[in-house]
Asks: 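This is the structure, below, for whatever I ask next.
Predicted, not measured: the structure shown is a model, and the values here were computed from it. Just so it is clear: chains get the letters A, B, ... in the order the sequence lines come, proteins before strands, and each one is counted from 1.
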2 protein chains.
Amino acid sequence: MNQPVHPAALKKPVPDALLQALASLFEDRFTTSHAMREHHGRDESSYDPMLPDAVVFAQTTEEVAEAVKLCHAYDVPVIPYGTGTSLEGHILALRGGITIDLSQMNQVLAVHPEDLTATVQAGVTRKQLNQEIRDTGLFFPIDPGADASLGGMAATRASGTNAVRYGTMRENTLALTVVTSDGRIIKTGTRAKKSSAGYDLTRVFVGSEGTLGIITEVTVKLYPQPEAVSAAICSFPTAEEAVNTVIRTIQLGVPVARVEFLDENSVRAINAHDKLSLPEKTLLLFEFHGSDAGVQEQAQTVQEIAAEFNAIGFEWATRQEDRTRLWQARHNAYFAMLQMRHGARAISTDCCVPISRLAECILDTKADCEKSGIIHSIIGHVGDGNFHVLMLVDPHDPADVAKAEAVNARMVARAISMDGTCTGEHGVGMHKMDFLIQEHGEEAIETMRVLKHAFDPKNIMNPGKIIRW
Amino acid sequence: MNQPVHPAALKKPVPDALLQALASLFEDRFTTSHAMREHHGRDESSYDPMLPDAVVFAQTTEEVAEAVKLCHAYDVPVIPYGTGTSLEGHILALRGGITIDLSQMNQVLAVHPEDLTATVQAGVTRKQLNQEIRDTGLFFPIDPGADASLGGMAATRASGTNAVRYGTMRENTLALTVVTSDGRIIKTGTRAKKSSAGYDLTRVFVGSEGTLGIITEVTVKLYPQPEAVSAAICSFPTAEEAVNTVIRTIQLGVPVARVEFLDENSVRAINAHDKLSLPEKTLLLFEFHGSDAGVQEQAQTVQEIAAEFNAIGFEWATRQEDRTRLWQARHNAYFAMLQMRHGARAISTDCCVPISRLAECILDTKADCEKSGIIHSIIGHVGDGNFHVLMLVDPHDPADVAKAEAVNARMVARAISMDGTCTGEHGVGMHKMDFLIQEHGEEAIETMRVLKHAFDPKNIMNPGKIIRW
């Protein structure tokens, strides 16, 4: 993958005094071991690791504040680390510095079932939260592919398959505790469901990728577990007919909980991987949440719409085991694809367009992939207009990687030209800084820069991400 | 109402050169007439008018940018004006300066029915938008009491009765065009339904009340008109039983579109005003949106819950005229109350708490009102934990006004102590700056101040609102 310029001049040696101060503060939760630094210097992107100078494992907001204060005093970069599952180089220590690992901040601090809220430390993962609240009859719906930490999910404004109904971290974060770049602790909101009380600091930090402050606690909305859940699956002759089915469904206000798109390449890979015999055509997978009568009504409406667009083999299921079978295809899509090229690594792209442009955007991108000869598949959270191209590349072949990057760049340009965004849910990290400028224009980027400079005047908070400085 | 300190020293004379430049730019859309300045120097709050030095009527974003550039050059305050319906002194020219009236920016610029989005100039009102899109089968749900402009609604993070189902301006604003304090024009987002592309400039400006920049265009989400609508009404022996009905309804995930609370004083006023004979007890009004079967199911579930909490006279209606009759009470609540004290002015408060604390917050506030001997009523968007106390005061009696302000201050302190907010939907303006500090604490306010200083270093954007400077 194309490495960004790594100006060694910007990486300054970390003073021994800082390392000693952190060592005495964190004791056996401070390390400079190469293995641990390497573990914290990589994510799920294709970048080579970039190692921090030391790693500390914080357990409280106060410890994070102490660590940041020290780094602030010594002008040393600070990088927050949750589960390491970011996709665009978010957590790589481009300029060295101290990584603060938050995975030991894994306490669910409060659950208020009557208010449908929970407050957690930043290191709590989404699956852990759902496990801990399972007896309340509530659940937390946001589901990026990985079992990411809530802090990391807030920091990248993550979403996933349920976003079409339940929204993203933008809509589902009520309040944050944040450590600012000079080590102050602030609370950005309350548990009130709505508020007009001043600047929306919560959403200033949601999506800021650790570049404005470190999120240490997150208060999120919870939802009642639906009384009934059903799933449906059907195939279409073309991607366009599948997407048109989705557009019509959304426009009629059918409150689908999930609607996932898999192109024929995905289906082919899954058939091979799981010994299935799904029609090797575009596939849509639906999930419906509601009352018994409600989910039946939803499924019926969708079936009628799908029929208008020449759907094949509409099948629906309300029993858990049948639903699992229908969704198996989706769950295995990533691993199934990886089997399609020996020794390959998958590059996952991420763009999002207004839904009326989705079919065109997917079809043009598909044609481009085919012309480039890249082994690829497309899956999408199509109810939101969001899709990912998985491209299988040989990580040791620069030409192969460059070809994939070129497809990605053209896809992003296409999405932006359609009034869409360069990233629907993965974030900017190091990889999409140029795309960000392309999307927002210099004037808006200048306003983002003003924000960054004001909140982090020393440029120590995860430097080299989102905004070039 | 208690006037803030109005430091005359901060109000500087506006240079003639600026007035001349604006006059030549706006021609007959520039005025210094006293009547027009006075009209623009007041809102729906109880503050006495504070007049700007001049008013210009802008028709395009570029004209707003030109006006702001001039004011920036001369260090003169700029105040955006929509419909003048703010409630906390948002648009009063505390330090004089130039008011930019945006009401002539009333074009619906684009409607994309397939994507469920519309882009409008800031002066378009919510009713105008709904009128212009009525043939698309879509609607825009956010409904503050007034027929406010979309720019003003975004600037105050407005909501209303539909927020329990459809969210507030926070959730429903996709993108903005904003003129910055130095007169640059930025676009804060795209029409993509979700995005992780950098800092959330959209939500930095939503709720910023003209203090960070001037919103000139707004892209909002639209929703399909529901296939069926039904309404229900029922009374309760106590406020607590009414609120518990709402909590249970929300917790079960019943997707109510509206649920409004009226205390017995509101009902008494309405009975007198409309010659009705509703039981003079706490009243809940519901509206359900969905399919025919869906709204029936919702109403039935709510009826069962209400019965558990001793509801009286549950009545529901699907026909438009019957619904209108049921909702008449709510629509007339404000005017009916005004009739309860001759010559009085209504002070409307606004707080929002986690719903589990709502009954307690309402009951304690009610007891405080009664103890104070103030004629009052309480109405609430209770699904969100948001309620308003209407207090009838003699605006010429300082003791009366002070008594009402004291009740308000205690109510806000109560809401904050319950992890709630000092304003659910009205905003901060001049009136709630101290409450804002009380709610967020000095450290978070300092972070808000950093934002304000960075975005408006000359403090010319609606100065003296939200943050003291």
Asks: Got H426(A) and S196(B) here, is their nearest side-chain heavy-atom distance under 4.5 Å?
Replies: no
Asks: Less than 4.5 Å to any heavy atom of chain A: does that hold for the side chain of E227(B), its backbone, both, or neither?
Replies: neither
Asks: If I measure from the heavy atoms of chain B, does E297(A) come under 4.5 Å with its side chain, its backbone, both, or neither?
Replies: side chain
Asks: What part of R248(A) is in contact with chain B, defined as an atom under 4.5 angstrom from a non-hydrogen atom: side chain, backbone, both or neither?
Replies: neither
Asks: Looking at G385(A), A293(A), G207(A), G198(A), which one has more heavy-atom pairs under 4.5 Å with chain B than the rest?
Replies: G198(A)
Asks: In sequence, state the C-alpha distance, the side-chain angles, and the governing distance for I355(B) and K193(A), and then conclude on side-chain contact (heavy atoms from CB on, under 4.5 Å).
Replies: CA-CA 8 Å; I355(B) 200 170; K193(A) 200 178 153 207; over 6 Å; no
Asks: I250(A) versus chain B, heavy atoms under 4.5 Å apart: side chain, backbone, both or neither?
Replies: both
Asks: Heavy-atom pairs under 4.5 Å with chain A - which of H112(B), H440(B), R170(B) has more of them than the others?
Replies: R170(B)
Asks: What part of I185(A) is in contact with chain B, defined as an atom under 4.5 angstrom from a non-hydrogen atom: side chain, backbone, both or neither?
Replies: backbone
Asks: So which residue, E442(B), H453(B), K452(B), R357(B), ends up with the most heavy-atom pairs under 4.5 Å with chain A?
Replies: K452(B)
Asks: Relative to chain B, which of V204(A), N386(A), V353(A) shows the most heavy atom pairs under 4.5 Å?
Replies: N386(A)
Asks: Counting heavy-atom pairs under 4.5 Å with chain A, which one of A444(B), P224(B), G424(B) comes out on top?
Replies: G424(B)
Asks: Main chain of E443(A), side chain of R184(B): is a donor-acceptor contact present, judged purely on distance under 3.5 Å?
Replies: yes
Asks: With only heavy atoms counted, which part of P113(A) is less than 4.5 Å from chain B, the side chain, the backbone, both or neither?
Replies: both
Asks: Identify which part of L252(B) has an atom lying under 4.5 Å from any heavy atom of chain A, answering side chain, backbone, both or neither.
Replies: backbone
Asks: Quick check on E209(A) against chain B: is it the side chain, the backbone, both or neither that has a heavy atom closer than 4.5 Å?
Replies: side chain
Asks: For V164(B), which atoms come within 4.5 Å of any heavy atom of chain A: side chain, backbone, both, or neither?
Replies: both
Asks: Which atoms of I247(A) come close to chain B, meaning under 4.5 Å heavy atom to heavy atom: side chain ones, backbone ones, both, or neither?
Replies: side chain
Asks: In the structure I gave you, are the side-chain heavy atoms of T447(A) and Y199(B) within less than 4.5 Å of one another anywhere?
Replies: no
Asks: Checking H381(B) against chain A: side chain, backbone, both or neither under 4.5 Å from a heavy atom?
Replies: side chain
Asks: Among S195(B), P226(B), P255(B), single out the residue with the greatest number of heavy-atom pairs under 4.5 Å to chain A.
Replies: S195(B)
Asks: Is it the side chain or the backbone of L116(B) that comes within 4.5 Å of chain A heavy atoms, both, or neither?
Replies: side chain
Asks: What residue, out of T421(A), D419(A), T423(A), has the most heavy-atom pairs lying under 4.5 Å from chain B?
Replies: D419(A)
Asks: Side chains of M448(B) and L201(A): closer than 4.5 Å at any heavy-atom pair?
Replies: yes
Asks: Against chain B, work out which of S356(A), A454(A), S159(A) has the most heavy-atom pairs shorter than 4.5 Å and name it.
Replies: S356(A)
Asks: Of the backbone (N, CA, C, O) and the side chain (C-beta and beyond), which part of T156(A) lies under 4.5 Å from a heavy atom of chain B, both, or neither?
Replies: backbone
Asks: Where on T188(B) is there a heavy atom nearer than 4.5 Å to chain A: the side chain, the backbone, both, or neither?
Replies: backbone
Asks: Under 4.5 Å, counting heavy-atom pairs only, tell me which of G253(A), G420(A), A163(A) racks up the most with chain B.
Replies: G420(A)
Asks: For chain B, find which of T117(A), L222(A), I445(A), L212(A) contributes the most heavy-atom pairs closer than 4.5 angstrom.
Replies: L212(A)
Asks: Does any heavy atom of chain B fall under 4.5 Å from the side chain of E439(A), the backbone, both, or neither of them?
Replies: side chain
Asks: Taking every heavy-atom pair that is under 4.5 Å apart, which of R191(B), Q251(B), E114(B), K465(B) has the most such pairs with chain A?
Replies: R191(B)
Asks: Count the heavy-atom pairs under 4.5 Å between each of V178(B), V450(B), I467(B) and chain A, then report the option with the highest count.
Replies: V450(B)
Asks: Testing the basics here: between A192(A) and C352(B), what is the closest heavy-atom pair and its distance to 0.1 Å?
Replies: CB-O, 3.6 Å
Asks: Do the side chains of D384(A) and K194(B) get close enough for a salt bridge, i.e. N-O under 4.0 angstrom?
Replies: yes
